[in-house]
Amino acid sequence: MMKRKAGNALASIAVWLMAVIFMAPLLLVVINSFKTKGEIMTSAIAMPETLYMENFRTILTDDHFGISFLFSIGIVTVTTSLTVLVAAVTGYALARWESFLCRILVVIIMSTLFVPFQVYMVALIVVVRDIGLINHIAGLVMVYIALGMPVPIFLCRSYCVGMSREIEEAAVIDGCSKGKMVWIIVLPLMKPILATVAVLNALWVWGEFLVAFLVYGNGKPMTLPLSQRYFYGTYSNQWNLILTNFLISSIPVVLFYILMQKHIIKGVAAGAVKG
């Protein structure tokens, strides 16, 4: 009993320690968002002398922020919708297609998860440039969909493997076409895992910087992460505005995650168990 209590205490301490480590950067962002640039340069870890709200007014009234905010919402909506649709159909097809070739395709798709982005980064940019989609919205969306596809396909396939086939077979017997059966029967049954895929993809695309910088570059309008470059100068950086921009930009995605976290846990658990 004593060993069990000691083990639980150590586990609790470890959990709280990890929570502090992960929350410390966010806490510093919040604290420094209410400081002037001079206060930040003096001490980044000290509490603000007063709640300096001018940073928030500057960001919220800036035209670049409003346009970038709406543009990011559009990019996230389009990318997530297409990712969910393609992953759902592909995952279902791989789950129902029982052959050696299917297993090979699954291995190939999953193997891309183990290849660092930096390995094929240059080749990716060259391909996008050669097809004329550098600094173009379509190029950014296509790359986001391609890079974000392996995990959604894996989750959807794992979920579909555990789905009963009786309803599908009954629909086909009643004269329902394969495409119609997938649309009106299979996709509604996949709702938990599709919600998980949508949330994970939206969270990633919303805060992604590197791919947007390499593929979209100086295209207009910019995504929210790219728009922060306006506050970086050659000789000085406006850290108060940079951190405030980051804080405001994080609020929608944090709220979205809090509202949808039950779908993430439920969907990932279901896909893992059924796979």
Side-chain angles (χ1 to χ4, degrees), residues 5-77 80 117 199-214 216 218 220-265 268:
K5 289 183 178 179
N8 293 336
L10 289 176
S12 299
I13 293 174
V15 170
W16 280 105
L17 181 61
M18 293 300 295
V20 170
I21 292 175
F22 280 101
M23 291 298 295
L26 180 59
L27 180 60
L28 288 177
V29 170
V30 174
I31 291 174
N32 288 287
S33 296
F34 293 95
K35 294 181 181 179
T36 63
K37 180 181 176 180
E39 288 183 86
I40 295 176
M41 300 304 294
T42 301
S43 175
I45 61 175
M47 296 298 292
E49 297 178 1
T50 59
L51 293 180
Y52 187 72
M53 303 301 295
E54 187 66 20
N55 295 331
F56 293 89
R57 189 193 69 80
T58 301
I59 295 296
L60 293 175
T61 56
D62 184 76
D63 293 336
H64 294 300
F65 179 83
I67 295 174
S68 297
F69 185 87
L70 295 176
F71 181 67
S72 290
I73 290 178
I75 291 292
V76 169
T77 301
T80 301
F117 175 69
V199 172
L200 293 177
N201 187 264
L203 293 177
W204 169 61
V205 174
W206 180 267
E208 202 285 322
F209 175 83
L210 181 58
V211 174
F213 178 72
L214 295 174
Y216 194 57
N218 294 320
K220 299 294 190 311
M222 293 184 175
T223 60
L224 275 177
L226 289 179
S227 69
Q228 289 196 350
R229 291 186 298 167
Y230 281 114
F231 304 115
Y232 289 88
T234 304
Y235 301 104
S236 64
N237 300 321
Q238 303 181 63
W239 288 111
N240 54 326
L241 298 181
I242 293 171
L243 296 175
T244 304
N245 190 341
F246 173 79
L247 178 62
I248 297 176
S249 301
S250 300
I251 292 175
V253 74
V254 170
L255 294 177
F256 181 61
Y257 175 80
I258 292 174
L259 292 175
M260 301 295 290
Q261 63 176 335
K262 63 179 182 179
H263 295 289
I264 298 178
I265 298 173
V268 171

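Predicted model only: the values in this text are computed from it and were never measured.
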Query raised in the report: How long is the gap from CG on L243 to CD1 on I59, to the nearest 0.5 Å?
Result: 10.0 Å
Query - Those residues that, when tested against Q228, pass side-chain hydrogen bond (donor to acceptor under 3.5 Å, both in side chains) (two or more places apart) - result: none
Query raised in the report: Is any side-chain heavy atom of Y216 closer than 4.5 Å to a side-chain heavy atom of V211?
Result: no
Query raised in the report: Distance from S33 atom OG to L51 atom CG, nearest 0.5 Å?
Result: 11.5 Å
Report task. Provide the full list of ring pair (Phe, Tyr, Trp, His ring centres under 6.0 Å) pairs with a residue in residues 14-39, sequence neighbours left out, each pair given once. Result -> F34-F56
Report task. Could you tell me whether the side chain of V30 reaches within less than 4.5 Å of the side chain of L247, counting heavy atoms only? Result -> yes
Report summary line: What one should report as the nearest heavy-atom pair of I67 and P221 is CG2-CB, 3.4 Å
Report summary line: CG of L28 to CD1 of I40, rounded to nearest 0.5 Å, is 10.5 Å
Query raised in the report: Considering residues at least two apart in sequence or located in another chain, which fulfil the side-chain hydrogen bond (donor to acceptor under 3.5 Å, both in side chains) criterion with S227?
Result: none
Requested in this report: Taking the side chain as every heavy atom from C-beta outward, state whether K35 and W239 have any pair of such atoms under 4.5 Å apart.
Outcome: no
Report summary line: Between S250 and V253, the two heavy atoms sitting closest are O-CG1, 3.1 Å
Query raised in the report: Which residue pairs satisfy the side-chain hydrogen bond (donor to acceptor under 3.5 Å, both in side chains) criterion with at least one member in residues 202-211, sequence neighbours excluded?
Result: Y144-E208
Query - Heavy-atom side-chain contact between I248 and F65 under 4.5 Å - result: yes
**Report entry** Closest non-hydrogen atom pair between T77 and I73, with its separation
**Finding:** OG1-O, 2.7 Å
Query raised in the report: Would you say the side chain of F256 lies within less than 4.5 Å of the side chain of V76, judging by non-hydrogen atoms?
Result: no
Query raised in the report: Around I45, counting heavy atoms of other residues, nucleotides and ligands shown, do more than 12 lie under 6.0 Å from its CD1?
Result: no
Query - side-chain hydrogen bond (donor to acceptor under 3.5 Å, both in side chains) against E54, all qualifying residues, sequence neighbours excluded - result: R57
Report task. Kindly compute the distance separating CD1 (I75) from OG1 (T80), expressed to the nearest 0.5 Å. Result -> 10.5 Å
Report task. Quick one: pull up NE2 in H64 and CG in L226 and give me the separation to the nearest 0.5 Å. Result -> 13.0 Å
Query raised in the report: How long is the gap from OG1 on T50 to CD on E39, to the nearest 0.5 Å?
Result: 6.0 Å
Query raised in the report: In this structure, are over 12 heavy atoms from other groups packed under 6.0 Å from F246 atom CZ?
Result: no
Query - Y257: partners by ring-ring contact (aromatic ring centres under 6.0 Å, His included), with sequence neighbours left out - result: none
